[in-house]
Amino acid sequence: MADENKVVPLETLVINKEEFEQLFLDFFVQYDRIYDFSSSLDLFELEAEIIENSREENGKIIISVEKFNELFSETFTDYYQPQEVFQSFRNQIIRSGKTVN
């Protein structure tokens with residue numbers, strides 16, 4: 001019975017803050033060049049939301065993967081095309097960091 005009540009820890013994303021900021025900047029420049037990204041404020045708001053919903057420790061951003069994906073999904077809805085570009089960017093951030101339980 002005790003196993004039923006056991007809480008499974010959330011997966012956490014840990015990424016260097018400078019690398020995180022550089023990835024956002026690189027993505028913005030790349031996307032703007034290819035797709036004429038006129039709503040750049042959304043990308044900067046997403047970056048701010050991720051930082052606001054994370055904690056910083058020793059120059060690293062720490063956020064649950066679940067919250068990270070939630071914030072990304074709220075910002076980049078079907079309005080943004082092609083959706084795969086944003087999924088690829090999200091995955092790039094996750095790969096650049098490390099996930100821990």
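Everything quoted here is computed from the prediction, not taken from an experiment.
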With sequence neighbours excluded, residues passing side chain to side chain donor-acceptor pair (under 3.5 Å) with Arg95: none
Is any side-chain heavy atom of Ile50 closer than 4.5 Å to a side-chain heavy atom of Ile63? yes
Counterpart residues, side chain to side chain donor-acceptor pair (under 3.5 Å), relative to Glu66 (two or more places apart): none
Test of understanding: with side chain to side chain donor-acceptor pair (under 3.5 Å), list the residues that count as partners of Asn53, not counting sequence neighbours. Glu49
In Å and rounded to the nearest 0.5 Å, what is the CD1 to CZ distance from Ile93 to Phe68? 4.0 Å
Taking only residues two or more places apart in sequence or in another chain, which ones pass side chain to side chain donor-acceptor pair (under 3.5 Å) with Glu56? Lys17
So Glu21 and Glu19, do their side chains get closer than 4.5 Å, heavy atoms only? no
Would you say that Leu71 contacts Glu74 through its side chain, given a criterion of any heavy-atom pair below 4.5 Å between the two side chains? yes
Any side-chain heavy-atom pair of Ser96 and Leu23 under 4.5 Å: yes
In chain order, what residues pass the ring pair (Phe, Tyr, Trp, His ring centres under 6.0 Å) check against Phe20, with sequence neighbours excluded? Phe24
Partners passing salt bridge (Lys or Arg N to Asp or Glu O under 4.0 Å) against Glu52 (at least two apart in sequence or in another chain): none
Quick one: list whatever passes side chain to side chain contact (heavy atoms under 4.5 Å, CB included) with Gln22, sequence neighbours left out. Leu25, Asp26
Tell me, please, which residues at least two apart from Glu70 pass salt bridge (Lys or Arg N to Asp or Glu O under 4.0 Å). Lys67
Would you say that Ile15 contacts Ile94 through its side chain, given a criterion of any heavy-atom pair below 4.5 Å between the two side chains? no
Treating Asn58 as the side-chain partner and Lys60 as the backbone partner, does any N or O pair qualify as donor plus acceptor under 3.5 Å? no
Tell me the closest heavy-atom pair linking Ile62 and Ser54, and the distance in Å. O-CB, 3.1 Å
